[in-house]
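Okay, so here's the structure we're looking at.
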Number of protein chains: 2
Amino acid sequence: MEPYKLFDAEYKFACLIWDNEPINSTDLVKLSQTKLGWKKSTTYTVLRKLCERGILKNEQAMVTAIIKKTDAQKYESQTVVEKAFNGSLPQFLTAFLGEKKLSEEEAEELKRIIEEATR
Amino acid sequence: MEPYKLFDAEYKFACLIWDNEPINSTDLVKLSQTKLGWKKSTTYTVLRKLCERGILKNEQAMVTAIIKKTDAQKYESQTVVEKAFNGSLPQFLTAFLGEKKLSEEEAEELKRIIEEATR
DNA sequence: AAGTGAGGTTTATTACAATAAACTTATCGA
DNA sequence: TCGATAAGTTTATTGTAATAAACCTCACTT
């Protein structure tokens with residue numbers, strides 16, 4: 001398995017931790033119950049798997065993330081561009097935008113991000 | 001199942017059809033063999049499923065796509081942006097680019113695409 | 001000392017993606 | 001008319017994601 005690969009359920013769960021860390025495991029069980037509808041055992045099962053894969057950490061009932069959210073996101077973004085767009089960001093953008101129209105502000109923001117990444 | 005959702009194996013297979021349609025089913029079996037390493041029965045199984053889901057069509061042993069590649073790509077791109085970036089394209093772009101640097105030409109191309117989508 | 005809650009683990013269950021073996025039926029050329 | 005080939009279908013197998021029931025152990029409280 002690639003290091004940062006998170007399945008859908010895992011990703012949602014990891015988001016709870018990214019947004020709330022450090023979080024006590026009992027509190028995380030409650031949070032998963034309300035946010036995801038998970039039972040306690042489900043939470044611990046998924047938690048342990050993500051710990052084994054080096055993505056999260058659970059020490060003295062305190063859960064934190066080892067992998068940063070931005071790294072998981074980078075992985076997600078690059079995976080889809082490779083898989084479905086032959087690695088081409090322009091192709092991705094074209095497909096994503098489709099017939100959608102951007103406002104001036106949105107366009108400016110995107111161009112700023114691109115500018116930022118241009119040497 | 002959402003209409004355009006294609007699993008990994010299905011997406012690769014659909015690409016063969018998009019790139020070669022219209023294609024005779026026997027030829028498609030051969031193509032899947034060489035490109036994906038699939039047996040004949042695998043090809044027909046996946047083909048039938050995609051036909052049932054209204055994504056492909058197989059009539060008189062002639063296989064064509066009903067859903068266009070661009071539509072499947074649009075779905076893929078929007079799905080990942082929603083799932084992992086809270087629907088925010090700027091967040092996606094930021095994560096994708098990371099520390100990567102763009103050349104002048106790449107930046108120009110991206111800005112052109114954005115310009116195009118700006119009313 | 002017995003009950004209770006925190007903090008887990010062990011073991012299952014279910015669903016379905018991925019792949020294919022084995023069988024069928026029809027056509028067509030030798 | 002028989003054997004090959006095309007064009008499929010039926011039925012399995014395997015792996016694993018998603019979810020959870022049932023159990024365990026320890027510390028603390030009553």
Side-chain angles (χ1 to χ4, degrees), chain A residues 1-17 20-64 67 72 75-76 79-80 83-84, chain B residues 1-17 20-64 67 72 75-76 79-80 83-84:
Chain A
M1 182 101 59
E2 301 91 357
Y4 302 166
K5 167 71 184 170
L6 293 174
F7 297 100
D8 285 28
E10 292 173 342
Y11 190 87
K12 285 182 202 149
F13 178 68
C15 282
L16 293 184
I17 289 129
N20 293 280
E21 65 175 336
I23 181 171
N24 163 271
S25 58
T26 297
D27 293 343
L28 181 57
V29 166
K30 285 178 196 143
L31 195 61
S32 303
Q33 169 62 56
T34 58
K35 298 279 188 180
L36 306 174
W38 287 10
K39 303 291 176 185
K40 184 180 68 143
S41 53
T42 304
T43 296
Y44 277 111
T45 301
V46 176
L47 175 58
R48 186 157 22 79
K49 281 190 167 187
L50 294 188
C51 289
E52 281 164 9
R53 280 159 43 201
I55 290 164
L56 301 178
K57 190 170 53 171
N58 182 11
E59 278 172 352
Q60 286 112 245
M62 200 48 84
V63 179
T64 52
I67 299 300
Y75 177 84
E76 284 296 324
T79 299
V80 72
K83 175 199 158 198
Chain B
M1 180 102 60
E2 301 92 354
Y4 303 168
K5 167 71 183 171
L6 293 174
F7 297 99
D8 286 27
E10 292 174 342
Y11 189 87
K12 285 183 203 150
F13 178 68
C15 281
L16 293 184
I17 289 128
N20 292 280
E21 66 174 336
I23 181 171
N24 164 273
S25 59
T26 299
D27 292 345
L28 180 58
V29 166
K30 284 178 197 145
L31 195 61
S32 302
Q33 168 63 55
T34 58
K35 297 279 187 177
L36 307 174
W38 287 9
K39 303 293 178 184
K40 183 179 68 142
S41 52
T42 304
T43 296
Y44 277 110
T45 300
V46 176
L47 175 58
R48 186 155 24 78
K49 282 189 166 188
L50 295 187
C51 288
E52 281 164 9
R53 280 162 41 202
I55 290 163
L56 300 178
K57 189 170 55 172
N58 182 11
E59 278 173 351
Q60 286 112 246
M62 200 50 82
V63 178
T64 52
I67 299 299
Y75 177 84
E76 284 297 324
T79 299
V80 74
K83 174 197 157 197

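Throughout, a chain's letter reflects where its sequence line sits, starting with A, and its residues are numbered from 1. Atom set for the values below is all heavy atoms of this structure, side chains included, hydrogens, waters and symmetry mates excluded.
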Fill in: Residue pair A:C51 / A:N58: nearest heavy atoms and the distance that separates them
SG-N, 3.8 Å

Discussion item. Heavy atoms from C-beta onward define the side chain here; which of C:dA17, D:dA17, C:dT9 lies closest to that of A:Y44?
Written reply: C:dT9

Worksheet item: What's the CD-P distance between A:Q33 and C:dA6, to the nearest Å?
Response: 14 Å

Worksheet item: At their closest point, which heavy atom of B:S32 faces which heavy atom of B:F13, and how far apart are they?
Response: OG-CE1, 3.5 Å

Practice prompt. Please tell me which of A:Q60 and B:G37 maps to the more 5' nucleotide of DNA chain C, matching each residue to the nucleotide holding its nearest heavy atom.
Written response: A:Q60

Worksheet entry | Distance, rounded to the nearest Å, where A:E52 contributes CD and C:dG8 contributes C1' | 14 Å

Worksheet entry | Nearest-Å distance for atom pair NZ/C1', residues A:K49 and C:dT9 | 14 Å

Discussion item. Just the rounded figure in Å: distance from P of C:dT19 to CZ of B:F7.
Written reply: 13 Å

Discussion item. From the set C:dT19, D:dA20, C:dA17, return the single nucleotide nearest to any side-chain atom of A:W38.
Written reply: D:dA20

Worksheet entry | D:dT9 OP1/OP2 closer than 4.0 Å to side-chain N/O of B:R48 | yes

Fill in: From D:dT19, D:dG8, C:dG8, nucleotide with atom closest to B:A61 side chain
D:dG8

Worksheet item: Which heavy atom in A:E76 sits nearest to a heavy atom in A:L6, and how many Å separate them?
Response: OE2-O, 3.8 Å

Item to complete: Rounded to the nearest angstrom, tell me the gap between atom CG in B:L6 and atom P in C:dC16.
Response: 17 Å

Worksheet item: Looking at residues at least two apart in the chain, or sitting in another chain, which of them share a salt bridge (Lys or Arg N to Asp or Glu O under 4.0 Å) with B:D8?
Response: A:K83

Worksheet item: Across the strands shown, which category fits B:D27 at heavy-atom distances under 4.0 angstrom: base, sugar-phosphate, nothing?
Response: nothing

Item to complete: Look up atom CG in B:L36 and atom OG1 in B:T43, then write down how far apart they are to the nearest 0.5 Å.
Response: 7.5 Å

Practice prompt. Return the value, rounded to whole Å, for the distance between atom CD of B:E10 and atom P of C:dA17.
Written response: 7 Å

Practice prompt. Without swapping roles, check the side chain of B:R53 against the backbone of B:K5 for a donor-acceptor pair under 3.5 Å.
Written response: yes

Worksheet item: For B:S25 and B:Y44, which heavy atoms make the closest approach, and how far apart are they?
Response: OG-OH, 3.5 Å

All N/O pairs under 3.5 Å across the protein-nucleotides 21-29 of chain C interface:
residue : atom : partner : partner atom : Å
C:dA21  : N7   : B:S41   : OG           : 2.9

Worksheet item: Rounded to the nearest Å, what distance is computed from the CE atom of residue B:M62 to the C1' atom of nucleotide D:dG8?
Response: 15 Å

Worksheet item: Given atom CG of B:D8 and atom C1' of D:dT16, what is their separation to the nearest angstrom?
Response: 14 Å

